[in-house]
Number of protein chains: 2
Amino acid sequence: MLGDRRRPGLIMKLHGYYRSSASYRIRIILNFKNLPHEHIAVMLNRGAQHEDAFRSINPMGLIPVLETDDALLAQSPAIAEFIEEQHPQPPLLPAGHIERAHVREMMHTVGCDIHPLQNLRVLNYLRSEFEQDDAGIERWCQKWMGDGFAAFEQLAKTRSANGQYAFGDQVSLADVWLIPQVYNARRFNLDLTPFPTIVSIDEHCQALAEFSRAHPSKQEDAPPT
Amino acid sequence: MLGDRRRPGLIMKLHGYYRSSASYRIRIILNFKNLPHEHIAVMLNRGAQHEDAFRSINPMGLIPVLETDDALLAQSPAIAEFIEEQHPQPPLLPAGHIERAHVREMMHTVGCDIHPLQNLRVLNYLRSEFEQDDAGIERWCQKWMGDGFAAFEQLAKTRSANGQYAFGDQVSLADVWLIPQVYNARRFNLDLTPFPTIVSIDEHCQALAEFSRAHPSKQEDAPPT
């Protein structure tokens with residue numbers, strides 16, 4: 001999305017990719033915080049993340065990277081905490097310490113225990129080095145998503161106020177991490193019927209403009225449908 | 001470690017395992033914050049994390065879990081941020097927003113891009129489902145540690161003040177995440193010569209009591225050497 005260009009020195013750039021769930025998270029956050037930003041597509045499907053131009057922005061060769069006036073920031077949880085500290089309104093973390101820890105626990109259940117295992121570079125390695133075909137890859141992804149969603153479902157069942165959002169009765173970083181993972185789960189044909197709370201949260205979040213505008217299908221670099 | 005029992009209602013319990021690098025991180029943090037705690041061993045080598053008794057503490061079946069007077073907290077980055085908010089002194093995050101983001105970026109480079117890929121449950125799956133032997137497992141671990149360390153090395157080279165600590169001239173969560181990963185790298189025979197800054201940081205941190213007391217070999221549940 002091309003953001004507000006009236007303040008050229010202040011506009012942030014998000015180096016990302018339409019289908020990357022870590023980029024998707026940051027798009028949702030920037031929408032909630034009402035922060036205009038320019039989207040710089042890093043075409044993972046053409047290996048642009050490995051080129052020198054991008055490695056000079058992030059030596060890890062991973063997206064997203066948030067480019068501000070005075071910094072290049074990588075790693076989506078670090079970017080999320082940065083935005084939360086710089087732009088606390090509206091809050092995406094609750095006020096109490098224990099409540100914040102519970103939201104971050106749910107966030108990292110997705111971000112540490114599910115997502116890294118189905119990153120593109122990992123799936124490529126499984127194909128090329130461990131000779132896995134599409135069926136093996138799908139089984140692998142379903143295994144980690146299924147295990148992680150089972151835990152998330154149990155947490156959300158007790159922590160969600162009414163099945164609308166993952167924690168309490170407001171959107172938090174727990175939802176911001178969950179929704180892109182649900183998108184991925186559908187891509188990899190995970191059966192979501194054992195996770196009714198997650199499905200309910202997904203429906204409620206998708207109804208919000210901040211989430212729907214961030215959807216991969218709405219991005220400039222998405223292929224035409 | 002059996003902590004200070006003079007305040008029985010206040011002592012925290014850390015459910016962990018001597019060799020788990022996520023548990024190792026939290027031990028380091030508790031040492032820095034001078035927070036007495038009781039260590040509850042969850043014997044991963046005997047599958048204790050899958051038993052109902054532990055699943056009731058953490059549905060994800062993963063360690064560490066910090067048990068406080070009024071909460072059970074899982075996911076090491078969530079626990080780290082919780083302790084930092086509750087017990088800010090001595091700080092393990094710098095004061096400035098960008099500096100904090102840079103420390104968290106380094107922390108999550110280890111926590112998201114390296115560690116989840118060599119978790120026990122993942123290695124078990126690679127053995128049983130993708131028929132990998134010790135050599136395949138070692139190659140897999142070395143691949144992700146090597147890629148992640150290459151990026152961390154480049155970040156630390158410019159951000160470390162003098163090669164003592166990963167960021168600036170003080171211990172931060174970047175070191176807390178790095179050091180247990182270096183321990184793992186040695187377990188999996190990763191050649192560390194391409195990473196002189198990381199090796200230097202490891203040497204300096206290991207010289208501090210807060211790190212050395214947290215070392216896996218010093219824990220009650222470690223096997224006798």
Side-chain angles (χ1 to χ4, degrees), chain A residues 22 55 58-62 65-66 68 70-83 85-86 93 96-109 111-117 119 121-122 125-126 129-132 136 139-140 143-144 147-148 150-155, chain B residues 22 55 58-62 65-66 68 70-83 85-86 93 96-109 111-117 119 121-122 125-126 129-132 136 139-140 143-144 147-148 150-155:
Chain A
R55 288 274 177 182
N58 182 11
M60 195 70 205
L62 294 173
V65 172
L66 186 69
T68 71
D70 41 11
L72 287 164
L73 307 175
Q75 292 292 344
S76 61
I79 298 171
E81 298 278 355
F82 170 80
I83 297 174
E85 290 178 354
Q86 283 258 23
L93 282 172
H97 289 168
I98 289 175
E99 290 75 15
R100 294 164 74 85
H102 280 160
V103 166
R104 287 183 176 120
E105 178 189 336
M106 298 171 90
M107 164 186 173
H108 295 296
T109 294
C112 297
D113 293 342
I114 303 178
H115 178 251
L117 295 159
N119 218 307
R121 63 190 185 125
V122 173
Y125 186 98
L126 292 174
E129 304 297 317
F130 291 172
E131 294 167 355
Q132 291 305 307
R139 209 155 36 99
W140 165 269
K143 161 71 178 159
W144 308 119
D147 283 5
F152 197 105
E153 174 76 17
Q154 202 171 324
L155 295 172
Chain B
R55 289 273 177 183
N58 181 12
M60 194 72 205
L62 294 173
V65 172
L66 186 69
T68 72
D70 41 12
L72 288 164
L73 306 175
Q75 293 290 343
S76 61
I79 297 171
E81 299 278 354
F82 170 80
I83 297 174
E85 290 179 353
Q86 283 257 23
L93 282 171
H97 290 167
I98 289 175
E99 291 73 17
R100 293 163 75 84
H102 280 161
V103 166
R104 288 183 175 121
E105 178 188 337
M106 297 172 90
M107 161 188 173
H108 294 297
T109 294
C112 297
D113 294 341
I114 303 178
H115 180 249
L117 294 159
N119 218 307
R121 63 191 185 125
V122 173
Y125 186 97
L126 291 175
E129 303 298 316
F130 291 171
E131 293 167 358
Q132 290 305 308
R139 212 155 31 99
W140 164 270
K143 161 73 179 157
W144 308 119
D147 283 6
F152 197 105
E153 174 76 16
Q154 202 170 324
L155 295 173

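Note that these values count all heavy atoms, side chains included, but never hydrogens, waters or copies made by symmetry. The sequence lines fix the lettering, A, B, ..., with proteins before strands; numbering per chain opens at 1. Small disclaimer: the values here were computed from a predicted structure and weren't measured.
- Contact record, Pro116(B) with Cys112(A): CB-O, 3.2 Å, taken as the closest heavy-atom pair.
- For chain A, the option among Met106(B), Gln132(B), Glu131(B) with the highest count of heavy-atom pairs below 4.5 Å is Gln132(B).
- Between Trp140(B) and Tyr125(A), the ring planes lie perpendicular to each other; the angle is over 60°, past the 30° to 60° tilted range.
- Taking all atoms of both residues into account, the shortest heavy-atom contact from Ala78(B) to Arg104(A) is CB-CB, 3.6 Å.
- With a 4.5 Å cut-off on non-hydrogen atoms, Leu62(A) touches chain B through its side chain but not through its backbone.
- Within the 4.5 angstrom heavy-atom criterion, only side-chain atoms of Leu155(B), from C-beta onward, approach chain A.
- Heavy-atom pairs under 4.5 Å with chain A were tallied for Lys143(B), Glu153(B), His102(B); the largest tally goes to Lys143(B).
- Per-residue heavy-atom pair counts under 4.5 Å with chain A were compared for Ala101(B), Ala74(B), Ala151(B), and the maximum is reached by Ala74(B).
- Heavy-atom distances place both the backbone and the side chain of Gln86(B) under 4.5 Å from chain A.
- At a 4.5 Å heavy-atom cutoff, the contact between Glu85(B) and chain A is made by backbone and side-chain atoms alike.
- Within the model, atoms CG of Leu73(B) and NE2 of His97(A) stand 12.0 Å from one another, a figure rounded to the nearest 0.5 Å.
- The minimum heavy-atom distance linking Gly136(A) with Phe130(B) is given by the pair O-CZ, 3.8 Å.
- Ranking Thr68(B), Asp70(B), Ile79(B), Asn119(B) against chain A, the residue ahead of the rest is Asp70(B), based on heavy-atom pairs under 4.5 Å.
- Under the side-chain hydrogen bond (donor to acceptor under 3.5 Å, both in side chains) criterion, Glu105(A) pairs with Arg159(A), sequence neighbours left out.
- The most heavy-atom pairs under 4.5 Å with chain A, out of Thr109(B), Leu72(B), Asp147(B), Asp113(B), come from Asp113(B).
- Proximity to chain A (any heavy atom under 4.5 Å) is shown, for Val122(B), by both the backbone and the side chain.
- Counting heavy-atom pairs under 4.5 Å between each of Arg139(B), Glu129(B), Arg121(B) and chain A puts Arg121(B) at the top.
- With sequence neighbours left out, the salt bridge (charged side-chain N to carboxylate O under 4.0 Å, His left out) criterion links Arg55(B) to no other residue.
- Listed options Pro77(A), Ser76(A), Ala80(A) were ranked by heavy-atom pairs under 4.5 angstrom with chain B; first place goes to Pro77(A).
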